[in-house]
Amino acid sequence: MTITRFAPSPTGYLHIGGLRTALFSWLWAKKNSGKFLLRIEDTDLSRNSEAALQAILEAFDWVGMSYDGEAIYQSKRFDLYKEYIEQLLEAGKAYKCYMSKEELDKLREEQMARGERPRYDGRYRDFDGTPPEGIEPVIRIKAPQEGNIIFKDGVKGEICIAATEVDDFVIARGDGTPTYNFVVAIDDALMGMTDVIRGDDHLYNTPKQIVIYEALGFALPNFYHVAMINNEQGKKLSKRDGATDVMDYKRLGYLPEALLNFLVRLGWSHGDQEIFSVEEMIRLFDPKNINKSSSSYNLDKLLWLNAHYIKNMPNKKLATLLKAYGVEVEGHDKLELLLDATKERGKTLVALAAQINLILNDPAEYEEKDTKKAFKGEAMNYLADFAEMLVGWEKPLHTPPEYHEVLDRFVNENGIGFGKIGQPLRVALLGSMTGSGLDEIMAIIGVEETVHRINKVLKLHTL
RNA sequence: GGCCCCUUCGUCUAGCGGUAAGGAUCCCAGGUUUUCAUCCUGGUUACAGGAGUUCGAGUCUCCUAGGGGUCACCA
């Protein structure tokens, strides 16, 4: 069975890049009817926050991803790690190092001064003398001192790193708490991980973890290192580049399906296909199609995807979502008409909400330029006459075509072009010259409101 | 700096020794639309550079350049 995981450290919100690796892992597990597990990497007791964990779960929930079983907290497994440390110590595969921090710093300084790479010199590797007083020793793993550590990366191919690049790194601190690379290896092995999909920045941790796997006799999982997401300038993504918190995208009016679709195409592809439902992603995803190179993101495409998903979303669902953006239209009797008339114009839920508000409320202000253009010549007279025609209309007025008939008659009777009444009417109704179709707008707000908005304009412009 | 990884239109990407180097987005033009948007049609733009292997290279090898990652008692 395929088992994957997402292993965040709870130090902040869920990053957009983190969501992508989580998505890849999740998809791969789902595709193979396997399991996707969540592990919280909180071994650094001083940096954890419960709020951060909640933020991660909230983001997962928003995009519709969920993990199997219970989340595993590394901070609750210290006893377990201790056992493995003891085991390694007894087997002579790890040892206590009594070097003080000061000594280590001094060593590094000397090495740097000589132009060497700072690394532990192994001075306690085979130590059997009397330990110095007053030092709480750290535990170091005995890493191989020669040869290469070779592993097959599912994305990058074969990776070969000289053993000399990996020194006897610390697996337990002076206070006895285990360190990152050690617990990752233990937990991935114990949790039965078959496929580890993670960021490229972990590539150099892999040989270290392999040292642990081998010392403990664990079987290696498949590793996949996904290249980073950069900003448009090709630099590391930072807060200055805009939204990096997944939940920011919700606030900005993006749909989770659009975000996932955008993310899945960042570094992964399936031929020329651009649009993927979650079901399709699950069916089609395969890490062998993950791109080797890093990608930079560009919001244009996300915006296009978002517009696509908004356009194709059932109105009822849209109405529910819109509530979070200050638009309450669920009970509106012209709901279908209202959303049909607006959803092709709003690329985000925020923009859509603004469109809807524009129709539902009489204009708070009128665009100066459009006003000048539209309210000239006979415009005011036409508007007044049109309002009159609407009020005196004897046939029912509910649907757009019924309103269209009024407009038609008006144009014919006055012998004018559509623009003569259309432009002033649009500005009167919306406050600007762009927007949804007039027939639709009138059908949505009704005769009374239409006349009200016309009169408001007449009053303003006859002063 | 050492080590590792990467390099096709501005951006996301297809390509898996023989293609007029394809798609998407963006941008531009035209059409549809009373406006705007949608939609449709068309267009501009790319194999980082240099050697080599080969009848033939975006695809394989090497070098150069550029970019990224990593070198903790952080994760």
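All chains are named by letter (A, B, ...) in the order of the sequence lines, taking the proteins before the strands, and each is independently numbered beginning at 1.
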Next item on the list: Under 4.0 Å between any heavy atoms, over every strand shown, what does A:G435 touch: base, sugar-phosphate, or nothing? Just pick one.
Entry: base
Next item on the list: Measure from the ring center of A:F6 to the ring center of A:F60 and say whether it is less than 6.0 Å.
Entry: yes
Note to self: From CD of A:E116 over to P of B:C3, roughly how many Å is that when rounded to an integer?
What the structure shows: 14 Å
Next item on the list: Answer with yes or no whether the side chains of A:N261 and A:Y309 bring together a donor and an acceptor at under 3.5 Å.
Entry: yes
Item checked: Separation of B:C16 P from A:K288 NZ (nearest whole Å) -> 14 Å
Next item on the list: Would you mind classifying the nucleic acid contact of A:R108 as base, sugar-phosphate or nothing, using non-hydrogen atoms under 4.0 angstrom?
Entry: sugar-phosphate
Note to self: Considering every strand and a 4.0 Å limit on heavy-atom distances, what is the contact class for A:K156: base, sugar-phosphate, or nothing?
What the structure shows: sugar-phosphate
Note to self: Check this one for me: any side-chain N or O of A:S432 less than 4.0 Å away from OP1 or OP2 of B:C36?
What the structure shows: no
Check: Can you find a donor-acceptor pair, distance only, under 3.5 Å between A:D42 side chain and B:A75 base?
Finding: no
Note to self: Once you apply a heavy-atom cut-off of 4.0 Å, does A:L305 come out as touching a base, just sugar-phosphate, or nothing?
What the structure shows: nothing
Check: Taking any strand in view, what nucleotide pairs with B:A14 in a Watson-Crick or G-U wobble way, both distances under 3.5 Å?
Finding: none
Next item on the list: Assess whether one donor atom and one acceptor atom, taken from the side chain of A:D272 and the base of B:G22, lie less than 3.5 Å apart.
Entry: yes
Check: With a non-hydrogen cut-off below 4.0 angstrom, is A:V138 in contact with a base, only sugar-phosphate, or nothing?
Finding: base
Notebook entry, point to check: Hey, does A:T434 reach any base, or is it just sugar-phosphate, or nothing, if we go heavy atoms under 4.0 Å?
Noted result: base
Checklist line | C1' atoms of B:A37 and B:U32, separation to the nearest Å | finding: 13 Å
Next item on the list: Quickly work out the A:I275 CD1 to B:U13 C1' distance and round it to whole Å.
Entry: 14 Å
Note to self: Under the salt bridge (Lys or Arg N to Asp or Glu O under 4.0 Å) test against A:R5, which residue among A:D187, A:D195, A:D188 passes?
What the structure shows: A:D188
Check: Start at the 5' end of RNA chain B and walk down; is the nucleotide closest to A:D300 or to A:Q423 reached first?
Finding: A:D300
Next item on the list: Quick one: label A:K236 by what it contacts on the DNA or RNA (base, sugar-phosphate, nothing), any heavy atom closer than 4.0 Å.
Entry: sugar-phosphate
Check: Rounded to the Å, how far apart are A:D201 CG and B:C5 P?
Finding: 16 Å
Checklist line | Pairwise C1' distance for B:A14 and B:G58, with rounding to whole Å | finding: 12 Å
Check: Quick one: does A:R426 reach the base of B:U35 with a side-chain donor-acceptor pair under 3.5 Å?
Finding: yes
Item checked: Interatomic distance, A:I441 CD1 vs B:A37 P [rounded to whole Å] -> 15 Å
Next item on the list: Answer yes or no: does atom NZ of A:K456 have more than 12 heavy-atom neighbours from other residues, nucleotides or ligands under 6.0 Å?
Entry: yes
Check: For A:E165 and B:C4, what is the distance between atoms CD and C1' respectively, to the nearest whole Å?
Finding: 9 Å
Note to self: Please confirm whether the ring centroid of A:F36 lies under 6.0 Å from the ring centroid of A:Y67.
What the structure shows: no
Notebook entry, point to check: What nucleotide, of B:C71, B:C12, B:A37, holds the atom closest to the side chain of A:E344?
Noted result: B:A37
Check: Quick one: which of B:U7, B:U34, B:C3 gets closest to the side chain of A:S293?
Finding: B:U7
Checklist line | Partner nucleotide, any strand, of B:G66 [Watson-Crick/G-U, under 3.5 Å] | finding: B:C6
Next item on the list: Using the six-membered ring wherever Trp is involved, compare the ring planes of A:F262 and A:Y297 and label them parallel, tilted or perpendicular (cut-offs 30° and 60°).
Entry: tilted
Margin query: Need one value for A:G267: base, sugar-phosphate or nothing, where a base atom within 4.0 Å counts as base even if backbone is also close, heavy atoms only.
Written below: sugar-phosphate
Margin query: For B:C6 and A:K292 - does any side-chain N or O of the residue sit under 4.0 Å from the phosphate oxygens OP1/OP2?
Written below: yes
Notebook entry, point to check: For atom C1', what is the distance between B:U54 and B:U61, given to the nearest Å?
Noted result: 12 Å
Next item on the list: Determine whether the aromatic ring centres of A:F24 and A:W268 lie less than 6.0 Å apart.
Entry: no
Check: Watson-Crick or G-U wobble partner for B:G30, using a 3.5 Å limit on both distances?
Finding: B:C40
Item checked: Protein-nucleotide distance (A:R39, atom CZ; B:A75, atom C1'), rounded to Å -> 11 Å
Check: Is a donor-acceptor pair below 3.5 Å formed from side chain A:R345 to base B:C36, judging by atom type as modelled?
Finding: yes
Notebook entry, point to check: Between A:F375 and A:Y366, how do the two ring planes meet: parallel, tilted or perpendicular, split at 30° and 60°?
Noted result: tilted
Next item on the list: Just name whichever nucleotide pairs with B:C71, Watson-Crick or G-U, keeping both distances under 3.5 Å, else none.
Entry: B:G1
Check: When we call it a touch if two heavy atoms are under 4.0 Å apart, what does A:S436 touch: a base, just sugar-phosphate, or nothing?
Finding: base
Margin query: Using whole Å, what does the distance between atom P of nucleotide B:C27 and atom NZ of A:K301 come to?
Written below: 14 Å
Margin query: Looking only at the side chain of A:Y204 (C-beta and beyond, no hydrogens), which of the listed nucleotides B:C3, B:C26, B:U13 gets closest?
Written below: B:C3
Next item on the list: Ignoring backbone atoms, test whether A:N291 places a side-chain nitrogen or oxygen under 4.0 Å from the OP1 or OP2 oxygen of B:A14.
Entry: yes
Notebook entry, point to check: Considering the options A:T206, A:T21, A:L203, A:T4, which one meets the side chain to side chain contact (heavy atoms under 4.5 Å, CB included) requirement together with A:R198?
Noted result: A:T206
Next item on the list: With heavy atoms under 4.0 Å as the rule, sort A:E274 into base, sugar-phosphate or nothing.
Entry: base
Which protein N or O atoms sit under 3.5 Å from an N or O of nucleotides 57-61 of chain B?
none

Next item on the list: For B:A37, take OP1 and OP2 only and decide whether either is under 4.0 Å from a side-chain N or O of A:K311.
Entry: no
Margin query: Tell me if the side-chain of A:Y297 makes a donor-acceptor pair with the base of B:C12, cut-off 3.5 Å, by modelled atom types.
Written below: no
Check: Taking for each residue the nucleotide of RNA chain B with the nearest heavy atom, is it A:G422 or A:R265 whose nucleotide lies nearer the 5' end?
Finding: A:R265
Check: Does NZ in A:K236 sit with more than 12 non-hydrogen atoms of other residues, nucleotides or ligands closer than 6.0 Å?
Finding: no
Checklist line | A:S269 side chain near B:A14 phosphate (N/O to OP1/OP2, under 4.0 Å) | finding: yes
Next item on the list: Fit a plane to each ring of A:F127 and A:Y124, take the angle between them on a 0 to 90° scale, and name the class: parallel (under 30°), tilted (30 to 60°) or perpendicular (over 60°).
Entry: perpendicular
